[in-house]
Amino acid sequence: MIAIGSDHGGFELKQHIMKHLDELGVAYKDFGTYTEDSVDYPDIAKAVAEPIAAGEYEKGILICGTGIGISIAANKIHGIRAALCCDVYSAKMCRQHNDANILCLGGRVTGRELAFLIVDTYLDETFAGDRHQNRINKIHALEK
Ligand code: RB5
């Protein structure tokens with residue numbers, strides 16, 4: 001189960017991605033925002049990231065205008081590794097090397113079809129473990 005959320009800047013792309021997930025048969029929960037009215041992206045980041053950090057959802061997708069603000073905010077939650085991806089290679093590597101548990105996208109930056117490829121890649125790839133796990137452990141040591 002995927003947790004998904006966006007601010008107003010990512011609202012339109014989120015609607016397209018949810019339809020894409022429906023077509024793929026991927027289950028998700030939408031944590032808002034539910035209209036194009038202006039909201040604050042840290043509130044949406046918190047709503048999605050906290051249940052992921054608590055183990056209620058395996059992965060998430062967060063979208064704001066650039067993907068920058070919402071990724072910065074999500075990464076403040078302990079246990080979250082949110083990766084802003086604007087290309088397919090980064091989506092692949094953020095899973096293989098960083099075990100990213102949230103994919104961030106920029107709704108005003110990344111076109112719909114590229115976003116679908118990035119989402120598909122993010123969902124398909126797995127963590128490579130081994131030396132990368134040691135590095136993840138060091139990231140979490142920084143949270144202490
Ligand atoms: C909202 O206008 C915009 O600042 C937000 O969506 C995001 O791009 C912030 O990083």
Side-chain angles (χ1 to χ4, degrees), residues 1-137 139-140 143:
M1 175 77 99
I2 303 295
I4 189 166
S6 76
D7 75 352
H8 53 290
F11 178 78
E12 185 183 345
L13 181 59
K14 186 184 69 174
Q15 302 309 115
H16 293 304
I17 287 177
M18 290 193 298
K19 186 162 176 281
H20 181 67
L21 294 175
D22 287 337
E23 287 166 3
L24 292 176
V26 175
Y28 60 86
K29 178 171 177 184
D30 179 12
F31 285 82
T33 187
Y34 304 112
T35 73
E36 289 185 336
D37 294 344
S38 182
V39 294
D40 297 332
Y41 57 80
D43 297 334
I44 304 295
K46 178 175 157 64
V48 167
E50 285 188 339
I52 292 173
E56 293 167 29
Y57 297 85
E58 188 195 345
K59 286 179 192 156
I61 299 172
L62 281 170
I63 313 167
C64 68
T66 58
I68 295 171
I70 212 155
S71 60
I72 291 171
N75 277 313
K76 299 296 181 190
I77 307 293
H78 282 197
I80 292 301
R81 294 176 302 282
L84 170 56
C85 295
C86 301
D87 62 89
V88 171
Y89 178 76
S90 297
K92 181 173 177 165
M93 300 317 284
C94 84
R95 288 292 308 128
Q96 286 190 7
H97 285 192
N98 312 118
D99 198 18
N101 47 16
I102 297 182
L103 169 68
C104 297
L105 295 165
R108 296 170 181 161
V109 176
T110 302
R112 185 193 313 177
E113 295 297 331
L114 175 56
F116 292 166
L117 286 177
I118 290 171
V119 167
D120 294 351
T121 302
Y122 173 76
L123 295 179
D124 285 349
E125 287 293 331
T126 54
F127 181 46
D130 196 26
R131 68 186 185 280
H132 302 294
Q133 182 60 57
N134 187 43
R135 293 162 185 166
I136 300 296
N137 294 344
I139 290 173
H140 288 301
E143 295 176 336

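Quick caveat, the model's predicted, so the values are computed rather than measured.
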* Do Lys14 and Ile63 come within less than 4.5 Å of each other through their side chains, counting heavy atoms only? -> yes
* **Test side chain to side chain contact (heavy atoms under 4.5 Å, CB included) applied to Arg81 and His140, step by step** => CA-CA 10 Å; Arg81 294 176 302 282; His140 288 301; 2.8 Å; yes
* Structure fact -> Closest non-hydrogen contact found for Ile70 with Tyr41 is N-CD1, 3.6 Å
* Asked: Can you find a heavy atom in the side chain of Arg95 that is under 4.5 Å from one in the side chain of Lys59?
  -> yes
* Exceeds 12 heavy-atom contacts within 6.0 angstrom, atom CD of Glu12 -> no
* Lys NZ or Arg CZ of Lys29 over Tyr57 ring: under 6.0 Å, within 45° -> no
* Between Asp120 and Leu24, is any pair of side-chain heavy atoms under 4.5 Å apart? -> yes
* Structure fact -> Leu84 and Gly106 have their tightest heavy-atom pair at CD1-N, 4.4 Å
* Contact summary for Gly60 and Ile2, nearest pair of heavy atoms -> CA-CG2, 4.2 Å
* Just by modelled atom types, is the Gly79 backbone N or O under 3.5 Å from a matching donor or acceptor in the Glu143 side chain? -> yes
* **Check: Ala100 main-chain N/O paired with Asn98 side-chain donor or acceptor under 3.5 Å** => no
* Asked: Any side-chain heavy atom of Val88 within less than 4.5 Å of one from Leu114?
  -> yes
* To do: Starting at OH of Tyr28, measure out to CD1 of Ile61 and round the result to the nearest 0.5 Å.
  => 10.5 Å
* Lys46 to Phe31 six-membered ring, cation-pi geometry met (6.0 Å, 45°) -> no
* Working to the nearest 0.5 Å, report the span between SG of Cys94 and CD1 of Ile118. => 9.5 Å
* To do: Compare every heavy atom of Ser71 with every heavy atom of Ala82, then report the nearest pair and how far apart it is.
  => CB-O, 4.2 Å
* To do: Measure the shortest side-chain to side-chain distance between Asn101 and Ile80 over non-hydrogen atoms and say whether it is less than 4.5 angstrom.
  => yes
* **From CZ (Phe11) to CD1 (Ile44), nearest 0.5 Å** => 11.0 Å
* Min side-chain heavy-atom separation Leu13-Ser6 under 4.5 Å -> no
* Asked: Does Leu21 reach the side chain of Val119, with side-chain heavy atoms less than 4.5 Å apart?
  -> yes
* Side-chain heavy atoms of His16 within contact of Glu113, under 4.5 Å -> no
* **Atom pair SG (Cys64) and CG (Leu105), whose distance is rounded to the nearest 0.5 Å** => 9.5 Å
* NE2/His97 to CD/Glu125 distance, rounded to the nearest 0.5 angstrom? -> 10.0 Å
* Asked: How about Glu23 and His20: does a side-chain donor come under 3.5 Å of a side-chain acceptor?
  -> no
* Structure fact -> Taken to the nearest 0.5 Å, the spacing of Phe116 CZ from Thr110 OG1 works out to 12.0 Å
* Counting N and O atoms only, with roles assigned by atom type, does the side chain of Asp87 sit under 3.5 Å from a partner on the main chain of Ser90, one being a donor and the other an acceptor? -> yes
* Any donor and acceptor pair, going by atom type alone, linking the side chain of His8 with main-chain N or O of Glu36 inside 3.5 Å? -> no
